[in-house]
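Structure first, commentary second.
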Amino acid sequence: MDKVYSDAHSALAGLVKDGMTIMAGGFGLCGIPEALIEAIRDSGAKNLTFISNNAGVDGAGLGRLLETRQIRKMISSYVGENKLFAQQYLSGELELEFNPQGTLAERIRAGGAGIPAFYTKTGVGTLIAEGKEVREFNGEKYVMETGLFADISVVHAFKGDTEGNLVYRKTARNFNPMMATASRMTIAEVEHLVPAGEIDPDCIHTPGIFVKRLVHVTNPVKRIEQRTTRKREETV
Amino acid sequence: MAWTREQMAARAAKELRDGFYVNLGIGIPTLVSNYIPKGMRVQLQSENGMLGMGPFPYEGEEDPDLINAGKQTITELPTTSYFSSADSFGMIRGGHIDLSILGAMQVAENGDLANWMIPGKMVKGMGGAMDLVAGVKRVVVVMEHVAKAKDGSEEPKLLKSCSLPLTGAGVVDLVITDLGVFSLDKKGGTGMTLIELADGVTVDEIKAKTEAEFKVDLTAKQNAA
């Protein structure tokens, strides 16, 4: 079965339905599957729940799906960067579930690995633990968190082969590898598509079993949120 | 004279030890990287998935795939490794990071920390702060001693108990403010101790600006490494 689709729209054709839960990789605008997000927007599906560390910015990433009011709920750790998000949240259109970033990452990892719940010390004694089971192990308190699993995951990788094996680049890896494992329909956009066998098997980050569909996105737009530099003269 | 932001960062850098793996928060904590003593090997962790964080890139060499947890462009070093968010927080939660230096809105004398939400205001989220304070071996807070309102009034930030929702309960080991340094006994329950004064600051001035109860021991050799 060929996993490679010609573009993001055909890779998603017929998959996205109203009310679905979708995971989208990325940290800020780094390593986000922008082409696949655009295709989700064009699908017109509504009342979507997104599991993503952030909610993009105005005009980029998941911010584009806020413009079209397709998102009903976000499960995130930090959402500060867009005005539209604040507007929709304060007006009650948008539901928000905050997870500590590490808890979010682990919930996704657990979901993909068939682990329904786990205990963590993150958030013990805070709002996050309210209504959740707290249990003591070796004299310390831990709160129970559940695994997350989605209808669809969309991820961004630097390189992929026709088998669906993926390699990420630098800090664009972030949430992408766990999200690739935590749905039955993971679609990856890759900057470089190569024949199976070309990537050193020892260097594969996500094995192809987790990736159902693959699309080659040449020259993806990559935005920088905080451009910080130093002057040439400075010695470090 | 109270300490400046730079002086607070320089004081925080004294908490570093050779071989430490350290996570620095946004704001004054970020400045601490400018004060790592020459010859000391310290690896900076960025919770979005990097160990061995380098300085900002030269103009024109910014890489959108290489950012820190504050979403700023950075560079890599010969010691750098990259990993997923799950591995990153495994390092943090698993107690493999030696030191976390971060800002705060409030700290209580029992080590409670509040730095992520003000009820009634738009809440941006806790990001990785809850995981860091729960998991990192030693937690150092760097903050202004009091909160200054627009009308010039001042509210203490070192409290008997935090009024804001907590980021972590009983997690803070040391607080560095512009007026002095406090050690906290987050497990033993012996409370908070003022151990250093900023130049020209008196104990009475600190008492006037602090709600929390604290002992004074300016001879204490804190944090003997």
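Order of the sequence lines fixes the chain letters, A, B, ..., with proteins taken first and strands second; residue numbering starts at 1 for each chain.
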Given 3.5 Å as the limit, does a donor-acceptor pair link the side chain of B/Asn48 with the main chain of A/Thr171, or not? no
What part of A/Tyr168 gets closer than 4.5 Å to chain B, counting heavy atoms only: side chain, backbone, both or neither? neither
Distance from A/Lys231 atom NZ to B/Tyr58 atom OH, nearest 0.5 Å? 12.5 Å
Determine, for A/Arg173 against B/Asp65, whether the closest basic-nitrogen to carboxylate-oxygen distance falls under 4.0 angstrom. no
With only heavy atoms counted, which part of A/Val124 is less than 4.5 Å from chain B, the side chain, the backbone, both or neither? backbone
Of the listed residues (B/Ala86, B/Ser46, B/Gly49), which shares the most heavy-atom pairs with chain A below a 4.5 Å separation? B/Ala86
Any salt bridge linking A/Lys222 with B/Glu62? Criterion: basic side-chain nitrogen under 4.0 Å from a carboxylate oxygen. no
Has B/Arg93 got a side-chain atom pairing as donor or acceptor with A/Gly102's backbone, closer than 3.5 angstrom? yes
Run the side chain to side chain donor-acceptor pair (under 3.5 Å) check on A/Asn174 and B/Ser85 step by step: do they pass? CA-CA 5 Å; A/Asn174 55 65; B/Ser85 301; 5.2 Å; no
Below 4.0 angstrom, N of the basic side chain to O of the carboxylate: do B/Glu76 and A/Lys170 qualify? yes
Distance check, rounded to the nearest 0.5 Å: A/Arg230 atom CZ versus B/Ile74 atom CD1? 11.5 Å
B/Val133, part contacting chain A, at a heavy-atom distance under 4.5 Å: neither
Between the OG1 atom in A/Thr122 and the CZ atom in B/Phe89, the distance rounded to the nearest 0.5 Å is 8.5 Å
Look at atom CD of B/Glu155 and say whether more than 12 heavy atoms of other residues, nucleotides or ligands are closer to it than 6.0 Å. no
Contact winner vs chain B - A/Ala55, A/Gly125, A/Cys30, heavy-atom pairs under 4.5 Å: A/Cys30
Applying a strict 4.5 Å limit to non-hydrogen atoms, the region of A/Asn99 in contact with chain B is backbone
Would a 4.5 Å heavy-atom cut-off, applied to side chains only, mark B/Met117 and A/Leu127 as touching? yes
Side chain from CB out, backbone as N, CA, C, O: work out which of these in A/Arg109 comes under 4.5 Å of a heavy atom of chain B, or both, or neither. side chain
Within this structure, what is the OG1-CZ distance for the pair A/Thr229 and B/Phe56, rounded to the nearest 0.5 Å? 8.5 Å
Chain A heavy atoms under 4.5 Å from B/Ser88: which part of the residue, side chain, backbone, both or neither? neither
Go through the atoms of B/Asn68 and report whether side chain, backbone, both or neither lie under 4.5 Å from a heavy atom of chain A. backbone
Minimum heavy-atom separation for A/Gln101 and B/Gly128, please, with both atom names. NE2-N, 3.6 Å
Side chain / backbone / both / neither for A/Ile128 at chain B, heavy atoms under 4.5 Å: side chain
What residue, out of B/Gly54, B/Ala169, B/Pro165, B/Pro57, has the most heavy-atom pairs lying under 4.5 Å from chain A? B/Pro57
Rounded distance [0.5 Å steps], CE in B/Met126 versus CZ in A/Phe98: 6.5 Å
Using a cut-off of 6.0 Å, state whether more than 12 heavy atoms not belonging to B/Tyr21 lie near its atom OH. no
Identify whether NZ of Lys or CZ of Arg in B/Lys71 sits under 6.0 Å from the centre of the six-membered ring of A/Phe27 and within 45° of that ring's axis. yes
Mind checking the OG1-CD spacing from A/Thr228 to B/Glu59? Nearest 0.5 Å is all I need. 11.0 Å
Using non-hydrogen atoms only, which part of B/Ile67 is less than 4.5 Å away from chain A: side chain, backbone, both, or neither? both
Looking only at A/Ser76, A/Gly31, A/Ala172, most heavy-atom pairs under 4.5 Å shared with chain B are made by A/Ala172
Just wondering, are more than 12 heavy atoms of other shown residues or ligands nearer than 6.0 Å to CD1 in A/Ile115? yes
Does CG belonging to A/Asn138 count more than 12 external heavy atoms closer than 6.0 Å? no
